[in-house]
Amino acid sequence: MAGSPTPWIGSAYLFLQSTCKSIALPSLYESSQKKPCVFKALKLALADSTGSVNGVDMLKVHCSHPHLIVQLRFCKQENCRRFLRSYREGALQKSLQSHLQLSLATTTVPLEVELKAGSEHLDRMLKDEDHCLECIYREKPDRLPDEEITELEECLKSLMLHQSTNNNVAGKDCSSLPYSPQGSSLPPQVTFIFQGQQFDNRTITPDDHQKFAKSVSKKWKQVGRSLQKSCRALRDPVIDNLALEYDREGLYEQAYQMLLRFIQSEGKKATIARLIAALEENGLISLAEELLGLYSNEDCS
C-alpha cells in the first residue's frame, strides 16, 4: 500500500557463557533432555526484558563452545528499546540466571553476556541508546524462525497449558516435555490437557475439518494467524490470498482451504492439540469443546 511506513525490523546476536566450569550451556542445549529447559529459560527472560512474550523473537540458537548464541529479531522499535534498557541495567542478565537456575534445578548459573549487531559490539555503546537502535535496525534478519525453534515453542505452550490447568505439574522438571528432535515425523506431544481433562493428541480428522469450517465463521483468519506462528505454509501473505481467492465461495470454503493448507503442510504434525490451542487463543472455546466431543451441536443450538 503506497505511503505506508516501512516497518521497524532489526536483528542482533546475544552471546551467553556460564562462568561456572561445571555448566556448559552449549552442551546443555545440545542435550535433547535439557534443550527444552534452556529454551524455556531463554524465552521467559526475553519476555521479561520487553514486557511481552512477543516482544522479541528467537530465530535460531547456535552452539559455539563456550558460547550459546541466540539470534534475535525485533519487529518494533519500542520493544527493542525496552530490551536494550533491560540489558544495560543488568536486568536481563539477572533474569536469565534466575530462569536457568529454576529450569535446570541447579543452585546458580553465573553468566557473562555480550550483545552484537553485525560487526558492532553494542556493549561498548550502551549509553548511546539511539546508536544501538540504528546498529540493530541496519542488521535485517536473514531467516525465519528455525524449525527447531518452532517445535520448542510448541513444547513450551504444551507445558504452560498443563501448568495452567493442573497445578500439580507446575513444579515438574521441564525435561519431561515431549520434545521430538528436528526431522522426527512424530507429533510434538502424545496427550494434552484441555479444561482439566486429558485428550489423545490425534491428527486432525476430516470430521474435525468440516466442523471447523462450518463453525469458525469470520474468525478463521485469526485462527490461521495463530497457526502460522508454527506453520510456514500459512506465513504471510497466504491467509490474505486465500481470503481473496475464495471470497465468492464464502466463509466455509475460506476456512476449509486454510485448514487444508495446514494439514497438507504439517502432515502427522497437524494435530488436534495445535488447533485447539489456536481456538483457545482466539476465544473459540465452544468450537474447541465441540471438536473434542465435550458436547454436541444440539447443546449449543
Peer 1: For a 4.5 angstrom cut-off between non-hydrogen side-chain atoms, does I285 reach E280?
Peer 2: yes

Peer 1: Determine whether a donor-acceptor pair (N or O, by modelled atom type, separation under 3.5 Å) exists between the side chain of Y246 and the backbone of Q257.
Peer 2: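 It does not hold such a pair.
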
Peer 1: Rounded to the nearest 0.5 Å, how far does CD1 of I263 lie from CG of L227?
Peer 2: 10.0 Å

Peer 1: Output yes when a side-chain donor or acceptor of T191 lies under 3.5 Å from a complementary backbone atom of F199, and no otherwise.
Peer 2: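 Absent.
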
Peer 1: Check for a donor-acceptor pair, side chain of E112 on one end and backbone N or O of Q17 on the other, with a separation under 3.5 Å.
Peer 2: no

Peer 1: Taking all non-hydrogen atoms of both residues, which atom of C75 and which atom of R73 are closest, and how far apart?
Peer 2: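 Looks like SG-NE, 3.9 Å.
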
Peer 1: Closer than 4.0 angstrom, basic N to acidic O: yes or no for D240 and R225?
Peer 2: yes

Peer 1: Report the distance from atom OG of S52 to atom CZ of F83, rounding to the nearest 0.5 Å.
Peer 2: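 The CZ atom of F83 is 14.0 Å from OG of S52, to the nearest 0.5 Å.
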
Peer 1: Going hydrophobic residue to hydrophobic residue with side-chain gaps under 4.5 angstrom, can you get from V53 over to M58?
Peer 2: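 Unlinked, V53 and M58 end up in two clusters.
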
Peer 1: Quick one: do L92 and I69 end up in the same hydrophobic cluster if we chain Ile, Leu, Val, Met, Phe, Trp and Tyr together by side-chain heavy atoms under 4.5 Å apart?
Peer 2: no

Peer 1: Within this structure, what is the CD-CZ distance for the pair E139 and F74, rounded to the nearest 0.5 Å?
Peer 2: 12.5 Å

Peer 1: Considering only heavy atoms from C-beta outward, does the side chain of M258 approach that of F212 to under 4.5 Å?
Peer 2: yes

Peer 1: Check for a donor-acceptor pair, side chain of K116 on one end and backbone N or O of H121 on the other, with a separation under 3.5 Å.
Peer 2: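 Looks like no, no N/O pair under 3.5 Å.
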
Peer 1: Hey, is the main chain of L284 close enough, under 3.5 Å, to the side chain of K219 for a donor-acceptor pair?
Peer 2: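 Absent.
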
Peer 1: Assess the residue pair K269 and E154 against the criterion (salt bridge (Lys or Arg N to Asp or Glu O under 4.0 Å)); give the C-alpha distance rounded to whole Å, side-chain angles, the decisive distance to 0.1 Å, and a yes or no.
Peer 2: CA-CA 11 Å; K269 292 184 181 180; E154 288 298 314; over 6 Å; no

Peer 1: Does K21 NZ have over 12 foreign heavy atoms under 6.0 Å away?
Peer 2: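 No, not enclosed.
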
Peer 1: Check whether any side-chain N or O of R138 sits under 3.5 Å from a backbone N or O of G118 as a donor-acceptor pair, and report yes or no.
Peer 2: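 Between the backbone of G118 and the side chain of R138 there is no qualifying donor-acceptor contact (under 3.5 Å).
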
Peer 1: Report the C-alpha distance between S86 and D48 in whole Å, list the side-chain angles of each, state the deciding distance to 0.1 Å, and finish with yes or no for side-chain contact (heavy atoms from CB on, under 4.5 Å).
Peer 2: CA-CA 9 Å; S86 175; D48 290 344; over 6 Å; no

Peer 1: Honestly curious: do Y13 and Y137 fall in one hydrophobic cluster under the side-chain, below-4.5 Å linking rule?
Peer 2: no

Peer 1: What about I23 and L111, same hydrophobic cluster or not, with Ile/Leu/Val/Met/Phe/Trp/Tyr joined at side-chain heavy-atom distances under 4.5 Å?
Peer 2: yes

Peer 1: For residues R261 and C231, determine if any side-chain heavy atom of one lies less than 4.5 Å from a side-chain heavy atom of the other.
Peer 2: no

Peer 1: Which atoms form the tightest heavy-atom contact between S217 and L251, and what is the distance?
Peer 2: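 Looks like OG-CD1, 3.8 Å.
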
Peer 1: If I take atom SG from residue C37 and atom NE2 from residue H99, how far apart are they, to the nearest 0.5 angstrom?
Peer 2: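 One gets 14.0 Å once the value is rounded to the nearest 0.5 Å.
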
Peer 1: Taking the side chain as every heavy atom from C-beta outward, state whether Y87 and L122 have any pair of such atoms under 4.5 Å apart.
Peer 2: no

Peer 1: Are L259 and V216 side-chain neighbours, meaning at least one heavy-atom pair lies under 4.5 Å?
Peer 2: no

Peer 1: If you count the non-hydrogen atoms of other residues, nucleotides and ligands that lie under 6.0 Å from NZ in K76, is the total more than 12?
Peer 2: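 Atom NZ in K76 is not packed in, count stays at 12 or less.
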
Peer 1: State whether the side chain of R82 and the backbone N or O of S49 hold a donor-acceptor pair below 3.5 Å, judged by distance alone.
Peer 2: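 Here the side-chain-to-backbone pair does not exist.
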
Peer 1: Does N201 reach the main-chain N or O of A273 with its side chain, forming a donor-acceptor pair under 3.5 Å?
Peer 2: yes

Peer 1: Are any of the side-chain heavy atoms of T108 and Q97 separated by less than 4.5 Å?
Peer 2: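 The answer is no; the side chains never approach within 4.5 Å.
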
Peer 1: Go through L84 and L115 one step at a time and tell me if the side-chain contact (heavy atoms from CB on, under 4.5 Å) criterion holds.
Peer 2: CA-CA 10 Å; L84 284 170; L115 190 63; 3.9 Å; yes

Peer 1: For Q197 and L294, what are the C-alpha separation, side-chain angles and deciding distance, and is it a side-chain contact (heavy atoms from CB on, under 4.5 Å)?
Peer 2: CA-CA 10 Å; Q197 297 184 48; L294 296 182; 3.9 Å; yes

Peer 1: So S265 and R232, side-chain contact (heavy atoms from CB on, under 4.5 Å) or not? Walk me through it.
Peer 2: CA-CA 8 Å; S265 168; R232 294 172 184 269; 5.9 Å; no

Peer 1: According to a 4.5 Å side-chain heavy-atom criterion applied to Ile, Leu, Val, Met, Phe, Trp and Tyr, with indirect links allowed, do F15 and V109 form part of one hydrophobic cluster?
Peer 2: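 Not linked; separate clusters.
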
Peer 1: Hey, are the side chains of C135 and M125 touching, using non-hydrogen atoms and a 4.5 Å cut-off?
Peer 2: yes

Peer 1: Going by an N to O cut-off under 4.0 Å, is there a salt bridge joining D130 and R81?
Peer 2: yes

Peer 1: With a 3.5 Å distance limit and no angle check, can you tell me whether S95 reaches the backbone of A91 through a side-chain donor-acceptor pair?
Peer 2: no

Peer 1: Grab the two heavy atoms, one from A288 and one from F194, that are nearest each other, plus how far apart they are.
Peer 2: CB-CZ, 3.8 Å

Peer 1: Can you name the closest pair of heavy atoms from P26 and H67 and give their distance?
Peer 2: CG-O, 3.2 Å

Peer 1: What's the spacing between L28 CG and S18 OG if we round to 0.5 Å?
Peer 2: 8.5 Å

Peer 1: Quick one: NZ on K127 to CZ on R88, what's the gap to the nearest 0.5 Å?
Peer 2: 9.5 Å

Peer 1: Within a radius of less than 6.0 Å around CG of N241, do more than 12 heavy atoms belonging to other residues, nucleotides or ligands occur?
Peer 2: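 Enclosed: over 12 neighbouring heavy atoms sit under 6.0 Å from CG of N241.
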
Peer 1: I'd like to check L42 versus L14 (side-chain heavy atoms, cut-off strictly below 4.5 Å). Are they in contact?
Peer 2: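 Result no, sub-4.5 Å side-chain heavy-atom pair not found.
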
Peer 1: Looking at every heavy atom in both T150 and K229, which two are closest together, and how far apart are they?
Peer 2: CG2-O, 4.2 Å

Peer 1: Begin from the C-alpha positions of K214 and E290 and carry the test salt bridge (Lys or Arg N to Asp or Glu O under 4.0 Å) through to its verdict.
Peer 2: CA-CA 12 Å; K214 181 179 178 181; E290 182 183 344; over 6 Å; no

Peer 1: Where do F39 and I149 come nearest, in terms of heavy atoms and distance?
Peer 2: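 In terms of heavy atoms, the two residues are closest at CE1-CD1, 3.8 Å.
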
Peer 1: For a side chain to side chain donor-acceptor pair (under 3.5 Å) with T205, tell me which candidate from D208, T203, D207 qualifies.
Peer 2: D208

